[in-house]
Protein chains: 2
Amino acid sequence: MDPTNDSAVTSPLSPAEDVARGTGVSLWKQIAERIEAEIVEGRLTPGARLPTENELAERFGVNRHTLRRALASLTERRLIEATPGRGTFVKEPPIRYPINARTRFSEIVSREGRAPSGRLIGSRVEPASAEIAQALGLAPGAEVLRVDVIREADGVPITVASHWYEADRCRDLDLLVAATGSVTRALETLGLGDYRRLETRITARPADEEDCRLLALPSGRTVMVVDAINGDPQRRPIQYSHARFCADRVQLVVKT
Amino acid sequence: MDPTNDSAVTSPLSPAEDVARGTGVSLWKQIAERIEAEIVEGRLTPGARLPTENELAERFGVNRHTLRRALASLTERRLIEATPGRGTFVKEPPIRYPINARTRFSEIVSREGRAPSGRLIGSRVEPASAEIAQALGLAPGAEVLRVDVIREADGVPITVASHWYEADRCRDLDLLVAATGSVTRALETLGLGDYRRLETRITARPADEEDCRLLALPSGRTVMVVDAINGDPQRRPIQYSHARFCADRVQLVVKT
DNA sequence: CGGATTTGTATATTCATCTATACAAACAGG
DNA sequence: CCTGTTTGTATAGATGAATATACAAATCCG
């Protein structure tokens, strides 16, 4: 979300909006639905600034607190976000991130009309833990290459991930990731571009301090933790991944 | 409406119906919408008896008065009707009565799946008032035949009307109406079956005592008063009509 | 830094919604 | 006619919605 466009205050909402009383539908809900329609129909685009609370209250002919109740509803559903002193802005919709056999970050983000980018934030060779060794079909303690990356859409961090590879097989993968900014591209260079998702496990938890810093999150926000194994066409494991997706910015989609 | 089918108490409404709280939509409105859907979708047919108020309250998990508020909404909109001691019944929908060049009572009622009938309730030759003379293009005081009819759908009175014709031109029209029960049929016999609507004026008022009696209405109900001129194909006036339609049972439809 | 602006929080009041209890009125059936 | 059933009306209280007033906190700009 790019909230710097403060001059975009010309609201598409019409000057006076009537809300019906006595119909059994609360005023706040009617207002929330009106504003949501503007967003859904594209008349209020992501990053656009809404009129002030006082303006909206006057426009709908209600008390400011009634109006705030409507905004609270939209905030709760992550359609808008407000900052004291600055205003209320339309949020970017979460990225729909399909989990299937061929899960590719760059393609997914591009398909949502967003610019994907990635960045190596660390790498090292280390002995495989029992869990990683088992996932990759290696002996415990075998050398594995750990690659830490952060991935962004339109410059906004979306996910932080640690990947582990058999060290002998993926010797300079980290250098390729650093050079290209893309894990898929790096794997293609090593002849492993046709990898596919073998298994995915999803949990969620509050983001820890490190993830908050990397993902530019206020403390306490939720991340979805996605542990996955990717393998080659013969289904031999080549990558174990431990990723944290920002729950505000990503929506995982599983089709069955 | 035929409310005598008391054995039709097997309600299509499911045994338990959840209504959502805290959504900004009142409970009573959700319940009213649920019941209306049953009616609109044909699962509750005209004349059917709804479960008792206590049953419905228990079914929706609300207090009886909340349930009554929902029923009040449906009653107000004339979808249902309740009688103490008997129960609450689905009403017949009003007859949609198009007002256009070729307005024929019998055809309209038949098209709504109802059985039309008519009855002569009086007739006489009288001097034309200034208004009637003007409408029929006659000299004031000229002899006109006044014919009073009542019209029913499925035996329920729908409209009471007084018609005035030039006496010389429609000498035995009243006898024909009495014999056939249909004004259109009588006019056809006189070679005037191709009449068409030249002008229609619509007002509304509370029904007077006479109209309440003829239309089988409780006192105070509203009638729509439709004053109309019908003419022959050359647009010469042949009939002036002063009709009172029961507003509960008829819905006038004008297409522009 | 100070002032203006905007959102966030608090307190108080009124009205609508929802619930509970009780009894009256009308209808149907034995 | 009496009893049972069902809707209609009344009273009371709790909670949510809506309104009003006031002030705090955060941001932006000159």
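The figures that follow rest on heavy atoms only: side chains count, while hydrogens, waters and symmetry mates do not.
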Contacts of B:Arg104 meeting salt bridge (Lys or Arg N to Asp or Glu O under 4.0 Å) (sequence neighbours excluded), chain-then-number -> none
What residues form a salt bridge (Lys or Arg N to Asp or Glu O under 4.0 Å) with B:Arg185, not counting sequence neighbours?
none
Rounded to the nearest Å, what distance is computed from the CG atom of residue A:Leu50 to the C1' atom of nucleotide C:dT5?
16 Å
Mind checking salt bridge (Lys or Arg N to Asp or Glu O under 4.0 Å) for A:Glu53 and listing every partner two or more places apart, or none if nothing turns up?
A:Arg64, A:Arg68
Would you kindly give the CZ-to-C1' distance between A:Phe89 and D:dT27, to the nearest whole Å?
10 Å
Could you state the CG-C1' distance from B:Leu71 to D:dT6, rounded to the nearest angstrom?
12 Å
For B:Leu176, all residues meeting side-chain contact (heavy atoms from CB on, under 4.5 Å), sequence neighbours excluded
B:Ala186, B:Thr189, B:Leu190
Partners passing salt bridge (Lys or Arg N to Asp or Glu O under 4.0 Å) against A:Arg111 (at least two apart in sequence or in another chain)
none
A:Glu81 CD to D:dT27 P, straight-line distance once rounded to whole Å
12 Å
Base, backbone or nothing for each nucleotide of nucleotides 12-23 of chain D, written B, S, -, heavy atoms under 4.0 angstrom, 5' to 3'?
-----SSBBBB-
The bend of the helix from C:dC1-D:dG30 to C:dG30-D:dC1, taken between the axes of its five terminal pairs at each end and rounded to 10°, is 30°
Hey, which of these two, B:Ala82 or A:Pro84, hits DNA chain D nearer its 5' end, going by closest nucleotide?
B:Ala82
Got a salt bridge between B:Asp211 and B:Arg213, using NZ or NE/NH1/NH2 to carboxylate O under 4.0 Å?
no
A:Arg86 side-chain N/O to D:dC28 phosphate OP1/OP2 under 4.0 Å:
yes
Would you say D:dT7 has OP1 or OP2 under 4.0 Å from some side-chain N or O of B:Arg68?
no
May I ask you to verify if any side-chain N or O of A:Thr88 is less than 4.0 angstrom from the OP1 or OP2 atom of C:dT7?
yes
Report the residues that fulfil ring pair (Phe, Tyr, Trp, His ring centres under 6.0 Å) with A:Tyr240, sequence neighbours left out, ordered by chain and then residue number.
A:Trp164
Salt bridge check: are A:Glu92 and A:Arg249 linked by an N-O gap of less than 4.0 Å?
no
Under the side chain to side chain donor-acceptor pair (under 3.5 Å) rule, collect the residues that match up with A:Asn54, sequence neighbours excluded.
none
